[in-house]
Amino acid sequence: MLLFICLTRFLLSERQTKKSTARTMAFQTQKKVLYDSARQTSHSLVQAGLSRLDEIKESLHELKKQERSLESHLHEFLPTIKAQDEHYTTLIAQYSSMHDHLFPSRVKITDEASGMIRNCPALREEALEHALICAREEVDAARIRRKNAADASDLLKKYKLLLQ
């Protein structure tokens, strides 16, 4: 009986070994198919990327051929730039007397005024006080005119009411 049990165990272990080997073989086959599919997909993606890169390089090369140089643009705009320079020179020539007269006289007046302020601080204080007094008088006169206008308006309203 011991022999029967040993033989049965051996046969069972042989079956289990065959089943596990069959499962392992099926798994290995599926794994191999999956890896081959991934390799083919990656290879096709690489080929598509390389072909697209070549297309982009060609289109860039075509665009560079169509590109115009800076010198050609400059030659187109050179007459316009020269004409503007000539107009500017003409304007400066026409108004040079005003330019020569205006700025020196302004500088002279500004220098005289600043010299007066530096040389006569008392005169400056006096001019400042005079300006403040004149400004106060102007403000007071404006207030009186506004008050008189309001009084006249009130008077006219009362007169209209009396006439009704």
Side-chain angles (χ1 to χ4, degrees), residues 24 26-164:
T24 305
F27 174 74
Q28 291 297 331
T29 305
Q30 287 177 351
K31 184 173 99 173
K32 188 175 183 181
V33 168
L34 183 66
Y35 279 12
D36 287 342
S37 171
R39 282 188 190 104
Q40 287 176 352
T41 304
S42 66
H43 182 72
S44 65
L45 285 174
V46 167
Q47 291 301 321
L50 289 175
S51 65
R52 182 66 183 142
L53 188 62
D54 289 338
E55 290 172 10
I56 290 171
K57 284 180 182 178
E58 287 176 15
S59 65
L60 281 175
H61 186 67
E62 289 298 319
L63 287 174
K64 285 215 179 236
K65 283 182 181 177
Q66 294 172 1
E67 195 175 83
R68 292 177 54 191
S69 68
L70 177 66
E71 287 78 24
S72 64
H73 286 292
L74 186 62
H75 288 300
E76 285 180 9
F77 292 112
L78 200 57
T80 306
I81 293 170
K82 286 182 179 178
Q84 286 178 346
D85 285 343
E86 289 172 6
H87 289 339
Y88 177 75
T89 308
T90 306
L91 282 174
I92 293 297
Q94 285 177 353
Y95 296 106
S96 66
S97 62
M98 181 182 76
H99 181 269
D100 293 341
H101 175 70
L102 178 65
F103 293 115
S105 65
R106 270 204 180 162
V107 168
K108 181 181 171 188
I109 292 169
T110 306
D111 287 343
E112 287 175 1
S114 64
M116 279 176 43
I117 290 172
R118 276 188 244 116
N119 293 335
C120 302
L123 184 61
R124 183 180 67 129
E125 289 295 323
E126 185 180 316
L128 181 61
E129 286 178 24
H130 179 68
L132 288 174
I133 290 170
C134 288
R136 260 189 236 120
E137 289 174 355
E138 286 289 323
V139 169
D140 290 340
R143 283 185 190 148
I144 291 170
R145 282 193 301 271
R146 188 178 72 208
K147 184 178 179 280
N148 289 340
D151 289 344
S153 176
D154 288 341
L155 184 63
L156 283 173
K157 286 178 186 176
K158 287 179 184 178
Y159 184 70
K160 283 181 181 178
L161 284 174
L162 284 175
L163 288 177
Q164 286 179 351

[atom1]/[X] to [atom2]/[Y] distance, rounded to the nearest 0.5 angstrom?
X	Y	atom1	atom2	value
Leu132	Arg136	CG	CZ	6.0 Å
Ile81	Glu86	CD1	CD	12.5 Å
Lys65	Glu67	NZ	CD	13.5 Å
His61	Glu58	NE2	CD	9.0 Å
Arg52	Leu50	CZ	CG	13.0 Å

Could [X] and [Y] be called an ion pair, given the rule that one side-chain N must be under 4.0 Å from one carboxylate O?
X	Y	answer
Lys147	Asp151	yes
Asp111	Lys108	no
Asp85	Lys82	no

Open item on the list: Surrounding CD of Glu138 (heavy atoms of other residues, nucleotides or ligands, distance under 6.0 Å), is the total greater than 12?
Closed with: no

Task: From CA spacing to verdict: side-chain contact (heavy atoms from CB on, under 4.5 Å), Lys157, Ser153 - done: CA-CA 6 Å; Lys157 286 178 186 176; Ser153 176; 3.9 Å; yes

TODO: Verify side-chain contact (heavy atoms from CB on, under 4.5 Å) between Lys57 and Leu53, making sure each step is shown before the conclusion.
DONE: CA-CA 6 Å; Lys57 284 180 182 178; Leu53 188 62; 4.2 Å; yes

Open item on the list: Let's go through Thr29 and Lys32 carefully: what are the C-alpha distance in whole Å and the side-chain angles of both, what is the deciding distance for side-chain contact (heavy atoms from CB on, under 4.5 Å) to 0.1 Å, and is it a yes or a no?
Closed with: CA-CA 5 Å; Thr29 305; Lys32 188 175 183 181; 5.7 Å; no

Open item on the list: Pair Arg39, Asp36 - check side-chain contact (heavy atoms from CB on, under 4.5 Å), show working.
Closed with: CA-CA 5 Å; Arg39 282 188 190 104; Asp36 287 342; 3.3 Å; yes

Task: Donor-acceptor contact present, side-chain Thr41 to main-chain Ser37, <3.5 Å - done: yes

